[in-house]
Number of protein chains: 2
Amino acid sequence: MSQRHTAVPAELRSRADADALIDAGYCPIPPREILDTIGGKWAIQLIVASARGPMRFTELERLIEGISRRMLTLTLRHLERDGLLKRTVYPTVPPKVEYEATPMALELYEAMLVLTNWSRRHSACVARSREDYDARQAS
Amino acid sequence: MSQRHTAVPAELRSRADADALIDAGYCPIPPREILDTIGGKWAIQLIVASARGPMRFTELERLIEGISRRMLTLTLRHLERDGLLKRTVYPTVPPKVEYEATPMALELYEAMLVLTNWSRRHSACVARSREDYDARQAS
DNA sequence: CTGTATCCTAGCAGATACTG
DNA sequence: CAGTATCTGCTAGGATACAG
C-alpha cells in the first residue's frame with residue numbers, strides 16, 4: 001500500500017476544487033467500516049461521553065437519554081472491539097466496570113467537528129429543501 | 001440561537017484537548033439528520049459520482065457497482081429532498097434525467113476527507129483490535 | 001451494579017417484474 | 001431511458017424479564 005499522502009485542503013468551495021481533488025487521487029469515500037461503526041444510533045454519543053475520562057455503565061445509561069440497556073451493551077461491545085473504547089473491570093462486589101475513549105477515538109473528534117460544523121451551516125437549508133420537496137409532492 | 005463560533009482546532013491529540021473543546025461549548029455530535037442521510041449504503045458514492053457534473057440515471061447505475069435500480073431511485077430521491085442533488089428532467093423521448101451535486105453537497109466533501117483520512121491512519125489498528133477481541137472471545 | 005436472553009417491530013435493502 | 005410495484009429477508013433497535 002503506497003503512502004500517497006498530500007496535505008488535505010481546508011474546504012471545497014467549487015466544482016473545480018472537487019475535480020482537482022479527484023484528479024489528485026483523492027477518494028473521499030470513507031470505508032463502510034467506519035460509517036458502520038459511527039453511523040449507529042448511539043456510538044458517537046458514547047465516544048463523546050467517555051472522552052473526558054472513565055465512565056461507569058450506569059453513568060452512561062443515565063447520561064445518554066433514551067438508550068436501552070441492550071443497545072448500551074451492544075454498542076459498547078462494538079466500540080471496544082474496534083479499539084475505540086477501553087473496558088476495565090474491577091473484580092469487586094458489586095462489580096465495577098469503566099469505559100474510556102482511546103486516543104484513536106479522540107482523534108475521531110475532529111471528524112465529528114467537521115460534520116457538526118457542516119450541519120450547523122446547512123441544517124436550515126436542508127430543512128427548507130425538504131419542505132419545498134414535500135410541498136411539491138403534495139400538489 | 002447564539003453564534004458561539006470559534007476556530008476549530010486542527011486535531012485532537014490528548015484528553016486535555018477534548019476537555020478544552022467541551023468546556024468551550026463544542027458539542028461534537030452531528031445531528032442524526034446528517035448521519036442518517038450520508039450513513040446510507042449508497043449516499044456518499046452517489047454524491048461523489050455526481051460531483052464532477054451532471055450524471056444520468058443509467059450512468060450512475062453502471063458506475064455504482066452493485067446498486068439495485070430500486071435503491072438508486074430511493075437514494076437519489078432522498079438526496080434530492082435534502083437539497084444535496086439537483087434533478088433536471090428533459091422532456092424528450094426517450095426521457096433524459098440528470099443529477100448533479102449541489103454546492104452544499106460539495107462542501108460535505110471536506111468532512112468525507114477527514115473521515116477517510118482518519119480511517120487511512122487507523123484502519124490497520126482497528127483491524128488488529130478486532131482480531132484480538134475475537135481471539136479473546138474464542139478462548 | 002453490570003450485564004444476558006427473548007421477543008417483537010420497523011425500516012433498509014435485494015430480486016424481480018412491469019410501465020410511460 | 002428512467003423509473004414504479006411487489007415480495008421478501010435481514011438487521012438495528014426497543015421492551016421486558018431474568019441472572020451473576
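Order of the sequence lines sets the chain letters (A, B, ...), proteins ahead of strands, with each chain counted from 1.
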> Restricting to ring pair (Phe, Tyr, Trp, His ring centres under 6.0 Å), what partner residues turn up for H122(B), sequence neighbours left out?
W118(B)
> Could you pull out the protein-nucleic contacts involving nucleotides 9-11 of chain C (nitrogen or oxygen on both sides, under 3.5 Å)?
none

> List in chain and number order the residues that pass salt bridge (charged side-chain N to carboxylate O under 4.0 Å, His left out) with E100(A), two or more places apart in sequence or in another chain; answer none if no residue qualifies.
R15(B)
> Enumerate the salt bridge (Lys or Arg N to Asp or Glu O under 4.0 Å) contacts for residues 88-99 of chain B, please, sequence neighbours excluded, ordered by first and then second residue.
K96(B)-E98(B)
> Mind checking what makes side chain to side chain contact (heavy atoms under 4.5 Å, CB included) contact with A111(A), not counting sequence neighbours?
L108(A), V114(B), L115(B)
> Identify, residue by residue, the members of residues 60-84 of chain A with a heavy atom below 4.0 Å from DNA chain D, and return them in order of residue number, or none.
R70(A), M71(A)
> Listed by chain and number, what are the side chain to side chain donor-acceptor pair (under 3.5 Å) partners of R87(B), not counting sequence neighbours?
Y99(B)
> Take the C1' atoms of the five end pairs on each side of the helix from dC1(C)-dG20(D) to dG20(C)-dC1(D), derive the two axes, and give their angle rounded to 10 degrees.
40°
> Hey, where on DNA chain D does chain B first and last touch, going 5' to 3'? Cut-off is any atom under 4.0 Å from a heavy atom.
dC1(D) to dT6(D)
> What salt bridge (Lys or Arg N to Asp or Glu O under 4.0 Å) pairs are there with at least one residue in residues 31-43 of chain B, not counting sequence neighbours?
R130(A)-E33(B), R32(B)-D36(B)
> If you pin R87(B) and P95(A) to their nearest nucleotides in DNA chain D, which one's is more 5'?
R87(B)
> Test of understanding: with salt bridge (charged side-chain N to carboxylate O under 4.0 Å, His left out), list the residues that count as partners of D132(A), not counting sequence neighbours.
none
> Anything under 3.5 Å between a donor and an acceptor, one on a side chain of residues 67-75 of chain B, the other on a protein residue two or more places apart or in another chain? List them.
| residue | atom | partner | partner atom | Å |
| --- | --- | --- | --- | --- |
| S68(B) | OG | M71(B) | N | 3.2 |
| R69(B) | NE | E61(B) | OE2 | 3.0 |
| R69(B) | NH2 | E61(B) | OE1 | 3.3 |
| R69(B) | NH2 | E61(B) | OE2 | 3.2 |
| T73(B) | OG1 | R69(B) | O | 3.0 |
| T75(B) | OG1 | M71(B) | O | 2.7 |

